[in-house]
Enquirer: 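Take this structure first; my questions come after.
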Amino acid sequence: MTLDLVAIVISAILVNNFVLMRFLGICPFLGVSRRLSTAMGMGVAVIFVMTLASAITWIFQHGLLTPLGLDYLQTVVYILVIASLVQFVEMVIQKTSPALYQALGIYLPIITTNCAILGVAFINVREYYSFLESSVNGFAGGVGFTLAIVLFAGVRERLDVAETPAALQGVPIALISAGLMSVGFFGFRNLFHFLFS
């Protein structure tokens, strides 16, 4: 069981990173990654929401939807759970850190429609994860998102002061950098198969 949880953690953070390998959650990844501080704030919010969403959607799935034969309502229920959690996070950040709330701007409510958070709920069902495995997968997925966005923010801060050709300044160099990060994370796939095969 412990080895399974370790495999889930390593897989969610490095091998199947939601942003760099599954290409989910790209909107906040590109939108909030201009500064390291806002990227870290978004990452912490995503960790919180993704972990709780994984746990709560598992409870709804196995305690309500599956027993009553209402599996077709998965998407609606999952989005309602995620929207409620994001509303809670938004209120907490607004009260505790108004500067971070202002810096995150529109990207904080966008967590509601962040396909990475909805994706982790569906992956937990598809992989037949237990409650603990689902929660761990949600937490590790959030950590993987945070790792990706913080690394990318560091790269973008350095690119702001670098001499970049005029044709590549702004979004083009950001997309090229994200692609190169994705290729770098692709290398973890072989390591994972070597360790857990």
Side-chain angles (χ1 to χ4, degrees), residues 5 8-60 75 77-125 127 129 131-157 174 177-178 181-182 185 188:
L5 293 178
I8 289 171
V9 169
I10 292 173
S11 175
I13 294 174
L14 298 174
V15 179
N16 293 313
N17 185 289
F18 280 96
V19 176
L20 298 173
M21 297 309 294
R22 295 185 189 265
F23 306 110
L24 299 172
I26 298 295
C27 179
F29 176 72
L30 292 174
V32 185
S33 60
R34 291 188 186 278
R35 297 285 164 248
L36 211 48
S37 58
T38 56
M40 193 63 191
M42 175 60 86
V44 170
V46 167
I47 289 172
F48 179 78
V49 172
M50 200 175 271
T51 304
L52 282 181
S54 293
I56 294 170
T57 55
W58 188 94
I59 292 169
F60 273 98
T75 305
V77 170
Y78 291 1
I79 288 175
L80 287 173
V81 167
I82 293 166
S84 301
L85 289 170
V86 170
Q87 192 66 28
F88 174 73
V89 168
E90 191 173 356
M91 290 186 310
V92 169
I93 291 176
Q94 188 175 15
K95 292 288 183 193
T96 59
S97 180
L100 179 60
Y101 179 78
Q102 285 297 107
L104 292 175
I106 188 66
Y107 293 101
L108 189 57
I110 284 180
I111 294 176
T112 302
T113 58
N114 185 341
C115 51
I117 296 173
L118 187 59
V120 76
F122 283 117
I123 288 168
N124 291 336
V125 171
E127 297 293 327
Y129 285 154
F131 177 78
L132 179 61
E133 290 171 334
S134 294
S135 301
V136 167
N137 188 42
F139 176 77
V143 170
F145 178 90
T146 303
L147 176 66
I149 198 170
V150 167
L151 288 174
F152 191 54
V155 168
R156 288 185 80 175
E157 282 187 354
S177 301
M181 281 181 61
S182 182
F185 269 68
F188 290 116

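In what follows, every heavy atom counts, from backbone to side chain, and hydrogens, waters and symmetry copies are set aside.
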Enquirer: Quick one: does any side-chain atom of W58 pair with a main-chain N or O of E133 as donor and acceptor, under 3.5 Å?
Expert: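 It does not hold such a pair.
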
Enquirer: Does a side-chain heavy-atom distance below 4.5 Å link L85 with I117?
Expert: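 Not touching, per the 4.5 Å side-chain cut-off.
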
Enquirer: Between V136 and V9, is a side chain to side chain contact (heavy atoms under 4.5 Å, CB included) present by the stated rule, with each step listed?
Expert: CA-CA 7 Å; V136 167; V9 169; 3.5 Å; yes

Enquirer: Check whether S97 reaches the backbone of I93 with its side chain - one donor and one acceptor, N or O, closer than 3.5 Å.
Expert: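 No, S97 side chain to I93 backbone: no donor-acceptor pair under 3.5 Å.
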
Enquirer: Would you find more than 12 non-hydrogen atoms of other residues, nucleotides or ligands less than 6.0 Å from F60 atom CZ?
Expert: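 No - once you tally the heavy atoms of other residues, nucleotides and ligands closer than 6.0 Å, there are 12 at most.
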
Enquirer: Look up atom CD1 in I82 and atom CG in L118, then write down how far apart they are to the nearest 0.5 Å.
Expert: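 Result: 5.0 Å between the selected atoms.
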
Enquirer: Once rounded to the nearest 0.5 Å, what's the spacing between atom CG of L30 and atom CZ of R156?
Expert: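 Answer for the CG-CZ pair, L30 versus R156, is 6.5 Å.
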
Enquirer: If I take atom CD from residue Q94 and atom CD from residue Q102, how far apart are they, to the nearest 0.5 angstrom?
Expert: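 Taking CD in Q94 and CD in Q102, the distance rounds to 8.5 Å.
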
Enquirer: Testing the basics here: between I47 and V143, what is the closest heavy-atom pair and its distance to 0.1 Å?
Expert: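 Looks like CG1-N, 3.6 Å.
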
Enquirer: So which heavy atom on L36 is nearest to which on G154, and how close?
Expert: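 Nearest pair, atom of L36 first, then G154: CD1-N, 3.8 Å.
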
Enquirer: Check for a donor-acceptor pair, side chain of N17 on one end and backbone N or O of I13 on the other, with a separation under 3.5 Å.
Expert: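 Yes, because the side chain of N17 sits within donor-acceptor range (under 3.5 Å) of the backbone of I13.
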
Enquirer: State the CE-OG distance between M21 and S11, to the nearest 0.5 angstrom.
Expert: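 These two atoms lie 10.0 Å from each other.
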
Enquirer: I'd like to check R22 versus N16 (side-chain heavy atoms, cut-off strictly below 4.5 Å). Are they in contact?
Expert: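 Of all side-chain heavy-atom pairs linking N16 with R22, at least one is under 4.5 Å.
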
Enquirer: May I ask you to test the F145-V120 pair for a side-chain heavy-atom distance under 4.5 Å?
Expert: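 They are not in side-chain contact.
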
Enquirer: I need the minimum non-hydrogen distance between G25 and C115, along with the two atoms involved.
Expert: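 Shortest heavy-atom separation between G25 and C115 comes out as N-SG, 3.3 Å.
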
Enquirer: Should the heavy atoms of other residues, nucleotides or ligands under 6.0 Å from CE of M40 be counted, would the total exceed 12?
Expert: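 Incorrect, the count does not exceed 12.
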
Enquirer: What residues, two or more places apart in sequence or in another chain, satisfy side-chain contact (heavy atoms from CB on, under 4.5 Å) together with I59?
Expert: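 Listed in chain order: F131.
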
Enquirer: Main chain of L20, side chain of S182: is a donor-acceptor contact present, judged purely on distance under 3.5 Å?
Expert: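 Yes, S182 side chain to L20 backbone: donor-acceptor pair under 3.5 Å.
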
Enquirer: Rounded to the nearest 0.5 Å, what separates atom CG in L5 from atom CD1 in I10?
Expert: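 Reported to 0.5 Å precision, the distance equals 11.5 Å.
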
Enquirer: Kindly indicate whether the side chain of T146, heavy atoms from C-beta on, has any atom under 4.5 Å from the side chain of V44.
Expert: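 No, every pair of side-chain atoms sits at 4.5 Å or beyond.
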
Enquirer: Are more than 12 heavy atoms, taken from residues, nucleotides or ligands other than F139, located less than 6.0 Å from that residue's CZ atom?
Expert: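 No, not enclosed.
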
Enquirer: Roughly how far, to the nearest 0.5 Å, is the CD1 atom of I56 from the OG atom of S135?
Expert: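 Going from OG on S135 over to CD1 on I56, the span is 9.5 Å.
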
Enquirer: Taking all non-hydrogen atoms of both residues into account, name the closest pair between M50 and G142 and its distance.
Expert: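 Looks like SD-N, 3.2 Å.
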
Enquirer: Restricting to non-hydrogen atoms, name the atom on T57 and the atom on A121 that form the minimum distance, rounded to 0.1 Å.
Expert: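 Smallest interatomic distance, heavy atoms only, reads OG1-CB, 3.7 Å.
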
Enquirer: Where do F18 and I123 land on the side chain to side chain contact (heavy atoms under 4.5 Å, CB included) test, with the steps shown first?
Expert: CA-CA 11 Å; F18 280 96; I123 288 168; 3.7 Å; yes

Enquirer: Is there a side-chain contact between I8 and Y129, using heavy atoms and a 4.5 Å cut-off?
Expert: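 Yes. Closest side-chain heavy atoms under 4.5 Å.
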
Enquirer: What closest approach, in Å, do I26 and V19 show between heavy atoms, and which atom pair accounts for it?
Expert: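 Heavy atoms of I26 and V19 come nearest at CD1-O, 3.8 Å.
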
Enquirer: Provide the full list of ring-ring contact (aromatic ring centres under 6.0 Å, His included) pairs with a residue in residues 23-57, sequence neighbours left out, each pair given once.
Expert: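 Applying ring-ring contact (aromatic ring centres under 6.0 Å, His included) to every pair that reaches into residues 23-57, excluding sequence neighbours, yields F29-F152.
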
Enquirer: Test your reading of the model: is there a side-chain donor-acceptor pair from T38 to the backbone of V32, 3.5 Å cut-off?
Expert: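 Checking the backbone N and O of V32 against the side chain of T38, a donor-acceptor pair under 3.5 Å is found.
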
